[in-house]
There are 2 protein chains.
Amino acid sequence: MLTEDELALLEAIRETGSLSRAAARLGRAPSTISHAARQLEARFDALLFDRRRYRLQLTPAGHLLAQEAARLMHDVARLTRRVKQVAGGWEDRLRIVTDEILEFDTLLPVIRAFDKLESGVSLRITHEVLGGTWEALREGRADLVIGATNEPPAISQLRWAELGRMEWVFAVSPRHPLGKATGPLSQQVVSAHRSVVVADSSRGTGRGYGVVAGQATLAVPTMRAKILAQCDGLGVGWLPRHRVSTLLKNGALVEKAMADPREPNVLFAAWRGDHDGRALSWWLEQIRQPRLARRLIDGLPLPG
Amino acid sequence: MLTEDELALLEAIRETGSLSRAAARLGRAPSTISHAARQLEARFDALLFDRRRYRLQLTPAGHLLAQEAARLMHDVARLTRRVKQVAGGWEDRLRIVTDEILEFDTLLPVIRAFDKLESGVSLRITHEVLGGTWEALREGRADLVIGATNEPPAISQLRWAELGRMEWVFAVSPRHPLGKATGPLSQQVVSAHRSVVVADSSRGTGRGYGVVAGQATLAVPTMRAKILAQCDGLGVGWLPRHRVSTLLKNGALVEKAMADPREPNVLFAAWRGDHDGRALSWWLEQIRQPRLARRLIDGLPLPG
DNA sequence: TCAACATGTGCGGTCTCTTCGAACGGGTTC
DNA sequence: GAACCCGTTCGAAGAGACCGCACATGTTGA
């Protein structure tokens with residue numbers, strides 16, 4: 001393998017173009033450097049230095065070694081940092097999976113605050129649709145899940161905390177055929193119109209919120225897209241009340257009373273008890289603050 | 001940095017789960033291992049081993065180090081191979097740039113033969129359109145250029161060899177308006193019809209073969225596409241005679257006499273004299289064989 | 001042309017660091 | 001509780017790194 005001394009040797013020889021100067025730079029005797037250089041060649045079983053001329057030079061092989069060794073050295077330095085970091089109780093990385101109904105924007109201030117800690121932990125934030133968050137936790141793809149819906153399933157070592165409730169509203173564009181309908185709408189009436197659903201293309205399986213069997217659907221990638229689609233009159237469906245509050249106020253959407261109202265969803269944060277670290281603890285501490293939890297669930301109302 | 005001994009130490013401890021067994025496996029005294037382990041911890045300034053329980057275990061930091069160090073070790077082994085290879089006179093990699101009018105298929109047998117040498121040299125074969133090959137050589141993006149057209153430009157240390165001549169034929173689809181024209185065609189007559197040109201989208205600049213100013217053009221990505229386009233009657237232009245020989249025979253294309261015939265192109269192989277290596281020498285040796293050069297230039301006639 | 005200087009290498013001695021064996025304390029197993 | 005396993009400490013022995021010196025060779029400047 002390569003010692004940092006050997007690397008420094010190559011580096012010094014390459015830059016100074018001479019063994020004596022390299023020796024001076026490294027604070028060693030010239031004979032030591034000469035000895036070490038020969039030893040290095042013996043180790044790699046290759047001519048690394050061209051000694052034919054007065055001042056020796058690196059051969060192409062020597063150049064390659066010096067150059068790549070510098071890269072390796074860099075890798076080792078980074079590895080050292082990571083090891084110290086993990087030894088200090090910080091995870092190497094923290095994988096956070098949010099449900100898509102949470103808006104990434106609301107996480108930004110927390111991420112910024114986390115960055116200020118300069119922990120070195122690399123964050124990886126992705127999102128999933130519907131049950132995907134629980135799956136991610138079960139399959140070990142996530143260290144922390146934020147905004148998971150429905151009841152926590154049976155996962156060994158599961159820990160969780162309630163974030164709060166998300167209320168839903170059935171709303172349509174005023175230009176939509178249902179826009180002028182009066183009185184509570186039955187499922188039968190609704191099912192005659194296309195519904196807009198959020199689906200995750202990457203996993204292939206078609207999931208959707210509150211879809212009636214046989215109903216035509218328009219699958220869109222995000223809740224934001226669903227809201228915009230419904231504003232456009234492209235379909236109908238349930239929307240998070242708080243995120244469409246402005247749109248309801250200015251008439252871009254109209255709320256419809258339903259024969260079967262939708263119960264509010266309880267949102268959870270969840271993690272596994274067998275992995276702990278300072279980054280996870282910090283995030284849990286933040287998320288347990290009611291103000292932040294409220295903001296995460298409410299999201300940002302779309303401006304009209 | 002990490003010595004291979006230290007890496008072997010981590011590996012042995014991780015697998016055996018005990019210092020004594022690791023010592024036995026490595027053929028050292030237990031005291032040596034204990035000492036080395038502590039020294040490793042001091043070096044990284046991190047707790048790598050959990051000594052609280054009876055048999056010590058790797059901490060998360062230790063696991064990370066062992067795992068990543070194994071990866072590093074692998075990198076070093078690969079680097080060692082590459083250094084030996086370069087020291088043996090083989091280049092680290094050979095970048096071959098062909099003109100697009102050469103067909104990649106005709107290179108395949110040569111590549112297979114090169115692979116049989118098991119030199120370890122990684123081949124990188126790309127193609128360029130028109131003057132792009134010379135540029136690639138000038139800008140140091142290529143170690144060897146095959147099939148460069150036109151005269152060799154002034155490039156320092158340039159070396160070249162003639163491959164042979166490529167003859168051209170002006171041909172159109174029988175369903176094209178020019179298909180029934182008689183007698184030699186003048187430039188003026190031709191310029192009234194759209195010409196098909198080969199252009200390189202990746203470099204942005206529009207280049208083309210023998211295009212008359214003001215003439216409408218259809219730019220296609222490859223010579224193969226140009227042939228197919230002209231068979232389809234989408235345009236007219238010069239084509240390599242040998243590659244369309246079958247198509248001329250079966251009537252998919254008809255040759256037209258021209259008032260200004262096109263001179264055959266001389267194709268060159270070129271490289272720089274200041275980089276030599278066994279891989280380059282081998283390729284030059286192959287290319288200088290007249291039979292191979294002929295096959296490269298003629299390409300594969302498209303079946304009707 | 002010759003002297004002064006610079007460069008790379010070989011040798012013997014010194015010094016540091018690794019390694020070992022022996023002894024000890026604590027934990028596990030039967 | 002005896003036998004065994006495990007990790008640690010300590011002094012001694014050995015290996016390898018390093019230095020100073022001498023020497024051959026090549027370069028530079030007067």
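Just so we're clear, the structure is a prediction, and the values are computed from it rather than from any experiment. The basis for the numbers below is simple: all heavy atoms, side chains too, and nothing from hydrogens, waters or symmetry mates. Just so we're on the same page: letters track the sequence lines, and every chain starts at 1.
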So, under a plain 3.5 Å distance rule, would you say the side chain of B:Ser31 forms a donor-acceptor pair with the base of C:dG21?
yes
State, to the nearest 10°, the angle formed by the axis through the first five base pairs of the helix from C:dT1-D:dA30 to C:dC30-D:dG1 and the axis through its last five.
30°
When every nucleotide of nucleotides 23-30 of chain C is labelled 5' to 3' by its protein contacts under 4.0 Å (heavy atoms), B for base, S for sugar-phosphate only, - for none, what sequence of letters results?
---BBS--
With a non-hydrogen cut-off below 4.0 angstrom, is A:Thr32 in contact with a base, only sugar-phosphate, or nothing?
base
N/O (side chain, B:Arg55) to phosphate O (OP1/OP2, D:dG7) under 4.0 Å
no
What is the nucleic acid contact for B:Arg51, judged by heavy atoms within less than 4.0 Å: base, sugar-phosphate only, or nothing?
sugar-phosphate
Phosphate oxygens OP1/OP2 of C:dT18: is one of them under 4.0 Å from a side-chain N or O of B:Gln39?
yes
Should the pair A:Trp134 and A:Phe268 be assigned to parallel (<30°), tilted (30 to 60°) or perpendicular (>60°) ring geometry?
tilted
Is there a side-chain contact between A:Arg21 and the phosphate of C:dT7, meaning an N or O under 4.0 Å from OP1 or OP2?
yes
Base, sugar-phosphate alone, or nothing: which one does B:Gly27 contact when heavy atoms must sit under 4.0 Å apart?
sugar-phosphate
Under 4.0 Å: is that the gap between some side-chain N or O of B:Ser34 and OP1 or OP2 of D:dT8?
yes
Along DNA chain D (nearest heavy atom to each residue), the more 5'-positioned of A:His35 and A:Arg53
A:His35
Given A:Arg93, A:Arg272, A:Arg95, the one that forms salt bridge (Lys or Arg N to Asp or Glu O under 4.0 Å) with A:Asp143
A:Arg95
Classify the nucleic acid contact of B:Ile33 as base, sugar-phosphate or nothing, counting any heavy atom under 4.0 Å across all strands shown.
nothing
OP1 or OP2 of D:dG7 under 4.0 Å from side-chain N/O of B:Ser20:
yes
